[in-house]
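These notes are about the structure you will find just below.
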Amino acid sequence: QVQLVESGGGLVQAGGSLRLSCAASRRTYAMGWFRQAPGKEREFVAAISWSAGSTYYADSVKGRFTISKDNTKNTVYLQMNSLKPEDTAVYYCAAVDTLAKYEGSWYRGGLGSYDAWGQGTQVTVSS
């Protein structure tokens, strides 16, 4: 199974920026970022396909967050700007690693569409 390692979380003031990284042990079909705040369910943030580079975002982060990839490093990034206290959560990266799931609706952010998960990185936005 592909291994995913996130990094880049931390504490930032509202209005600030952070960049998260997710290093994959090998190339997969697509990658996504999710987040989970205390007492809430894990939710979709953004996703990107490795081949076409197509990107998808949750409405709550459109215009503020940007997902990107570096093919040479098998690494996906999440640039987060204009952060708000409600962005506080543990952020997870995930991989679509089977063709069957890649041909499905992974871009809609369903948790079951992803085959592997990282350990998560904490992002805290202070007001």
Side-chain angles (χ1 to χ4, degrees):
Q1 187 178 26
V2 62
Q3 303 299 311
L4 306 174
V5 179
E6 303 103 331
S7 60
L11 173 64
V12 64
Q13 289 188 333
S17 299
L18 280 175
R19 189 178 80 156
L20 305 182
S21 300
C22 175
S25 57
R26 56 174 170 77
R27 186 74 59 84
T28 60
Y29 290 101
M31 298 285 290
W33 284 99
F34 293 76
R35 66 187 181 186
Q36 187 166 18
K40 295 188 177 182
E41 295 186 349
R42 193 170 298 189
E43 64 176 6
F44 171 72
V45 175
I48 188 168
S49 65
W50 275 114
S51 56
S54 303
T55 58
Y56 308 89
Y57 296 93
D59 288 342
S60 59
V61 305
K62 279 181 182 177
R64 300 189 298 122
F65 290 10
T66 302
I67 188 170
S68 62
K69 60 184 177 68
D70 185 332
N71 289 351
T72 64
K73 298 180 180 179
N74 287 342
T75 298
V76 172
Y77 304 97
L78 185 68
Q79 177 66 43
M80 305 185 294
N81 298 329
S82 302
L83 282 162
K84 305 175 182 179
E86 51 264 43
D87 294 319
T88 295
V90 177
Y91 283 70
Y92 299 89
C93 71
V96 180
D97 200 26
T98 56
L99 182 58
K101 288 189 176 180
Y102 183 60
E103 293 176 339
S105 57
W106 57 272
Y107 49 89
R108 294 181 181 175
L111 301 183
S113 298
Y114 291 78
D115 298 292
W117 295 82
Q119 82 286 355
T121 185
Q122 177 71 46
V123 171
T124 303
V125 183
S126 62
S127 57

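Between K62 and D59, at least one side-chain nitrogen of the basic residue sits less than 4.0 Å from a carboxylate oxygen of the acidic one, meeting the salt-bridge criterion.
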(message) Is there a side chain to side chain contact (heavy atoms under 4.5 Å, CB included) between N71 and R27? Walk through the geometry before answering.
(response) CA-CA 8 Å; N71 289 351; R27 186 74 59 84; 3.5 Å; yes
(request) Decide side chain to side chain contact (heavy atoms under 4.5 Å, CB included) for S113 and Y102; before the verdict, give the C-alpha distance in whole Å, the side-chain angles of both, and the deciding distance to 0.1 Å. (result) CA-CA 8 Å; S113 298; Y102 183 60; over 6 Å; no
(request) Dump the intermediate steps for side chain to side chain contact (heavy atoms under 4.5 Å, CB included) on T66 and M80, then the final yes or no. (result) CA-CA 7 Å; T66 302; M80 305 185 294; over 6 Å; no
(request) Evaluate the side chain to side chain contact (heavy atoms under 4.5 Å, CB included) criterion for residues Y29 and W106: first the C-alpha distance (whole Å), next the side-chain angles of each, then the deciding distance (0.1 Å), finally the verdict. (result) CA-CA 10 Å; Y29 290 101; W106 57 272; over 6 Å; no
(message) Assess the residue pair D97 and T28 against the criterion (side-chain hydrogen bond (donor to acceptor under 3.5 Å, both in side chains)); give the C-alpha distance rounded to whole Å, side-chain angles, the decisive distance to 0.1 Å, and a yes or no.
(response) CA-CA 5 Å; D97 200 26; T28 60; 5.2 Å; no
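The backbone N or O of I67 sits nowhere less than 3.5 Å from a side-chain atom of T55 that would complete a donor-acceptor pair. R64 places a side-chain N or O within donor-acceptor distance of the main-chain N or O of S60, the cut-off being under 3.5 Å. Listed for the K69 side chain is no donor-acceptor partner under 3.5 Å among the backbone atoms of G53. When atom types are taken as modelled, the side chain of Q1 and the backbone of D115 share a donor-acceptor pair closer than 3.5 angstrom. A side-chain donor-acceptor contact under 3.5 Å links T75 to the backbone of K73. When atom types are taken as modelled, the side chain of T88 and the backbone of V125 share a donor-acceptor pair closer than 3.5 angstrom.
The OG1 atom of T98 sits 11.5 Å away from the OH atom of Y114 when rounded to the nearest 0.5 Å. Distance CG/N74 to OG/S25: 8.0 Å, rounded to 0.5 Å. Taking CZ of R35 as the start and CD of Q122 as the end, the distance is 12.0 Å to the nearest 0.5 Å.
At a threshold of 4.5 Å between non-hydrogen side-chain atoms, the residues I48 and Y77 do not count as touching. No side-chain heavy atom of Y92 sits less than 4.5 Å from a side-chain heavy atom of T121. For the pair E6 and S21, the minimum side-chain heavy-atom distance is 4.5 Å or more. T124 places none of its side-chain heavy atoms less than 4.5 Å from the side chain of V12.
Aromatic rings from W33 and F65 are positioned such that their centres are separated by 6.0 Å or more.
No chain of hydrophobic side-chain contacts below 4.5 Å, direct or via other Ile, Leu, Val, Met, Phe, Trp or Tyr residues, connects V61 to Y107. Following chains of ILVMFWY side-chain contacts shorter than 4.5 Å, one cannot reach V123 starting from V90, and the two form parts of different hydrophobic clusters. Taking hydrophobic clusters as Ile, Leu, Val, Met, Phe, Trp and Tyr residues chained together by side-chain heavy-atom distances below 4.5 Å, L111 shares a cluster with V96. Neither Y91 nor F44 shares a network with the other; the hydrophobic side chains, linked directly or stepwise wherever heavy atoms of I, L, V, M, F, W or Y lie under 4.5 Å apart, form separate groups for each.
Nearest heavy-atom pair across V2 and A95 is CG1-CB, 4.0 Å. Nearest heavy-atom pair, C22 versus M31, reported as atom, atom and distance to 0.1 Å: SG-CE, 3.6 Å. Pairing each heavy atom of A14 with each of P85, the nearest pair is CB-CD, 4.1 Å. Summarising the geometry of N81 relative to S17, their closest heavy-atom pair is OD1-OG, 2.9 Å, with the distance given to 0.1 Å. Minimum heavy-atom separation, D70 to W50: O-CZ3, 4.1 Å. Shown here for A116 and L4, the closest heavy-atom pair between the two residues is O-CD1, 3.5 Å.
Annotation: cation-pi pair R42/F34 absent, no NZ/CZ under 6.0 Å from the ring centroid and within 45° of its normal.
Atom CZ of R108 sits in a sparse spot, with 12 or fewer heavy atoms from other residues, nucleotides or ligands closer than 6.0 Å.
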